[in-house]
Amino acid sequence: LVRLLRLFVLLRLERKFTAFARIHAVLRHKGEELLVTAFIALIMLVTSSSMVYYIENPSNDTFSDIPTAMWWAVTALTTVGYGDICPMTPMGRFFGAIT
């Protein structure tokens, strides 16, 4: 209940600051484009993680399942690149380079 009240306090603060109004206007006017962009990113995530799983799984034990490959795809697509999982085969490295 206390957390819900904090949310209402945050919503009241929205009226006082113009930055929140600007963010709300952008979300209202460009919401469809943002959803399409998020959908395309999700498709790229699923496609690239599935492809790298099928390329790397026979010879690389770190890609043991598709959720692990999705972790690699998230770090690759967001350009974070932690380095904890990486492709080892030449085909996997090529695919990682074009992703």
Side-chain angles (χ1 to χ4, degrees):
L1 183 63
V2 174
R3 290 183 187 197
L4 187 61
L5 291 175
R6 286 182 186 173
L7 179 66
F8 287 130
V9 169
L10 181 66
L11 291 176
R12 275 195 353 215
L13 284 176
E14 174 193 358
R15 292 184 219 150
K16 294 181 182 179
F17 297 109
T18 59
F20 287 123
R22 191 171 290 169
I23 290 171
H24 185 262
V26 167
L27 289 175
R28 189 176 60 238
H29 292 294
K30 300 293 182 182
E32 186 176 335
E33 288 91 346
L34 291 171
L35 284 176
V36 169
T37 303
F39 183 71
I40 290 172
L42 182 68
I43 288 175
M44 286 178 60
L45 172 72
V46 171
T47 303
S48 62
S49 62
S50 299
M51 291 292 292
V52 80
Y53 170 74
Y54 287 116
I55 291 171
E56 287 290 318
N57 187 30
S59 60
N60 191 349
D61 292 336
T62 58
F63 288 92
S64 58
D65 52 4
I66 291 185
T68 304
M70 279 189 171
W71 170 250
W72 171 83
V74 166
T75 58
L77 290 174
T78 58
T79 66
V80 173
Y82 288 122
D84 54 346
I85 301 171
C86 59
M88 297 294 178
T89 63
M91 187 65 177
R93 288 183 179 189
F94 175 74
F95 185 77
I98 62 172
T99 301

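Both backbone and side-chain heavy atoms feed into the values below; hydrogens, waters and symmetry mates do not.
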When rounded to the nearest 0.5 angstrom, what distance separates OG1 in Thr62 from CG in Asn57?
9.5 Å
With no hydrogens and no angle check, is any side-chain donor or acceptor of Thr75 less than 3.5 Å from a backbone partner on Trp72?
yes
Rounded distance (nearest 0.5 Å) linking atom CE of Met88 with atom SG of Cys86
3.5 Å
Look up atom CG in Leu35 and atom CG in Leu42, then write down how far apart they are to the nearest 0.5 Å.
12.0 Å
Under a 3.5 Å distance rule, please check whether Thr68 uses its side chain to pair with a backbone N or O of Ser64 as donor and acceptor.
no
Is Ser49 reaching over with its side chain to a backbone N or O of Val46, donor-acceptor style, under 3.5 angstrom?
yes
Inter-residue atom distance Glu56.CD - Asp61.CG, 0.5 Å rounding
10.5 Å
Would you confirm whether Asn60, through its side chain, and Phe63, through its main-chain N or O, come within 3.5 Å as a donor-acceptor pair?
no
What pairs meet the ring-ring contact (aromatic ring centres under 6.0 Å, His included) rule with one or both residues in residues 80-99, with sequence neighbours excluded?
Trp71-Tyr82
Find out if a path of hydrophobic residues (ILVMFWY) with successive side-chain heavy-atom gaps under 4.5 Å connects Leu45 to Ile98.
no
Flag side-chain contact, heavy atom, 4.5 Å: Thr89 against Ile55
yes
Only pairs at least two apart or in different chains count here, so list each ring-ring contact (aromatic ring centres under 6.0 Å, His included) that has a residue in residues 27-61.
none
Side-chain heavy atoms nearer than 4.5 Å, only ILVMFWY residues, links allowed to pass through others: does that put Ile40 and Val74 together?
yes
